2 protein chains.
Amino acid sequence: MQPIGFKSHDHGTCIAHSVTSVQKQCAERGLQLTPVRQRVLEILLAKHQAMGAYDILAVLKADGFSAQPPVAYRALDFLVGNGFAHKIERLNAFVACSHPSSEHVPAFLICRVCENVAEGIANLSEDTVAASARDAGFIIERAVVEAEGVCPNCDGAQP
Amino acid sequence: MQPIGFKSHDHGTCIAHSVTSVQKQCAERGLQLTPVRQRVLEILLAKHQAMGAYDILAVLKADGFSAQPPVAYRALDFLVGNGFAHKIERLNAFVACSHPSSEHVPAFLICRVCENVAEGIANLSEDTVAASARDAGFIIERAVVEAEGVCPNCDGAQP
DNA sequence: TTGATATATGTTATAGTATATCATAACAAG
DNA sequence: CTTGTTATGATATACTATAACATATATCAA
């Protein structure tokens with residue numbers, strides 16, 4: 001699977017598709033995609049960049065929602081907990097999931113210049129990681145790969 | 001390479017070997033392993049568990065070192081920057097490196113029950129991650145794998 | 001040795017991230 | 001209707017990290 005985020009694409013439909021997909025899944029799984037939750041998802045989808053909780057909060061405030069930290073964190077917990085968004089631990093920030101329809105180990109390619117984030121899919125089960133875990137008797141419940149570097153748009157432009 | 005941390009081992013020599021190894025490398029590379037830095041390394045080595053900066057600070061304080069946050073963070077920056085320790089982003093915490101003598105992509109197996117951490121080595125270059133990055137034109141400078149789950153000592157004991 | 005430069009530490013203050021807690025509202029099930 | 005559940009509102013606080021500036025210590029060239 002290809003990461004998206006560094007290649008030009010029709011971002012309008014990209015957003016629309018994602019929202020529709022999440023709405024559909026929520027309906028199927030009996031989850032409530034409430035106004036705040038959907039709005040936070042849209043905010044995240046607006047760009048392929050990680051956003052901090054307080055950045056999101058500022059947008060929510062401008063939209064007339066209550067702007068206390070828990071508002072943002074609760075919505076983010078919902079989205080992350082149900083696989084509609086991910087937290088980039090390295091940045092203490094969040095991104096909408098690019099592959100919301102399937103279970104996967106996300107692999108983030110984080111550009112340290114423009115801060116855009118592309119999400120690929122790692123295949124740890126065929127990596128030495130899975131072998132190590134197996135040998136150690138460790139049961140992996142969830143995992144994430146975070147890679148920092150330079151994206152093609154920034155390579156050459158900025159060192 | 002095997003992760004360590006979940007199997008019983010002679011932890012005394014484990015610590016001693018690590019300290020000696022780091023001392024040797026610092027000498028070779030012209031790095032100053034000052035008292036605070038070495039002490040923080042020892043504190044991290046004391047257990048195969050991630051420690052927060054403020055936990056470390058508390059120990060430093062008990063040892064008579066200055067106990068302002070920058071003291072701990074500077075020592076940690078030194079250790080992490082030179083590959084003698086790693087930051088576990090998911091936990092906002094730090095661990096001594098188990099393989100301080102080689103460049104590697106660390107893969108952490110984090111037990112959510114006992115909070116012990118084992119460090120293995122990922123081989124992303126043969127993972128789909130490397131292929132995705134290559135296809136996207138993304139240059140990976142550093143990466144980390146963080147896997148959360150249950151270690152063999154806790155499996156069965158606690159759900 | 002001395003002085004210049006770089007590196008490391010001491011200290012205060014503050015910025016940034018996240019959660020605990022309690023109160024209220026909306027709604028469905030019994 | 002009242003009980004249980006889920007979501008939201010609101011306040012306060014805890015936890016994590018860094019900026020900024022002063023002082024000290026090491027390193028090295030002249």
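These numbers were taken from a predicted model, which means no experiment stands behind them. Numbered from 1 within each chain, the chains take letters A, B, ... in sequence-line order.
Between the NZ atom of B/Lys61 and the C1' atom of C/dT11 there is a distance of 13 Å, rounded to whole Å. B/Ile88 places its CD1 atom 16 Å from the C1' atom of D/dT16, with the value rounded to the nearest Å. Per the geometry, CZ belonging to B/Arg39 stands 15 Å off P belonging to C/dT9, to the nearest Å. When rounded to the nearest whole Å, the span between CD of B/Gln68 and P of D/dT23 equals 16 Å. Between the CZ atom of A/Phe65 and the C1' atom of D/dA7 there is a distance of 13 Å, given to the nearest Å. We find that CG of B/Leu60 is positioned 10 Å from P of C/dG10, with the value rounded to whole Å. Atom CG in A/Leu76 sits about 12 Å away from atom P in D/dT8, given to the nearest Å. Rounded to whole angstrom, the span from the CG atom of B/Asp55 across to the P atom of D/dA17 amounts to 11 Å.
Enclosure of atom CD in B/Glu126 is not indicated, since only 12 or fewer non-hydrogen atoms of other residues, nucleotides or ligands lie within 6.0 angstrom. Atom CD of A/Glu28 is surrounded by more than 12 heavy atoms from other residues, nucleotides or ligands within 6.0 Å.
Scanning both residues, A/Lys87 and A/Val80, for their nearest heavy atoms gives N-CG2, 4.3 Å. Between B/Phe78 and B/Cys26 the shortest heavy-atom distance is CZ-SG, 4.2 Å.
Between B/Phe138 and A/Phe6, the two ring planes are parallel [angle under 30°; tilted spans 30° to 60°].
Under the 4.0 Å criterion applied to side-chain N and carboxylate O atoms, B/Arg112 and B/Glu148 are not assigned as salt-bridge partners.
Side-chain contact between B/Phe94 and B/Ile88 is absent, with no heavy-atom pair separated by less than 4.5 Å.
For A/Phe108 and A/His86, the gap between ring centers is short of 6.0 Å.
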At a cut-off of 3.5 Å, list every protein nitrogen or oxygen paired with a nitrogen or oxygen from nucleotides 6-8 of chain C, distance to 0.1 Å.
from	atom 1	to	atom 2	distance (Å)
C/dA8	OP1	B/Arg37	NH1	3.0
C/dA8	O5'	B/Arg37	NH2	3.4

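Between the side chains of B/Ser125 and B/Asp127, no donor-acceptor pair is found at a separation under 3.5 Å. Under the 3.5 Å distance criterion, with hydrogens and angles disregarded, no donor-acceptor pair is assigned to the side chains of A/Glu115 and A/His48.
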* Sugar-phosphate or base contact per nucleotide [nucleotides 13-30 of chain C; S, B, -; heavy atom under 4.0 Å] -> ----BBBBB---------

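For the helix from C/dT1-D/dA30 to C/dG30-D/dC1, the angle separating the two terminal helix axes comes to 30°, with each axis derived from five pairs and the value rounded to 10°.
Here CD1 of B/Ile110 is found 11.5 Å from CG of B/Asn116. Values are rounded to the nearest 0.5 Å.
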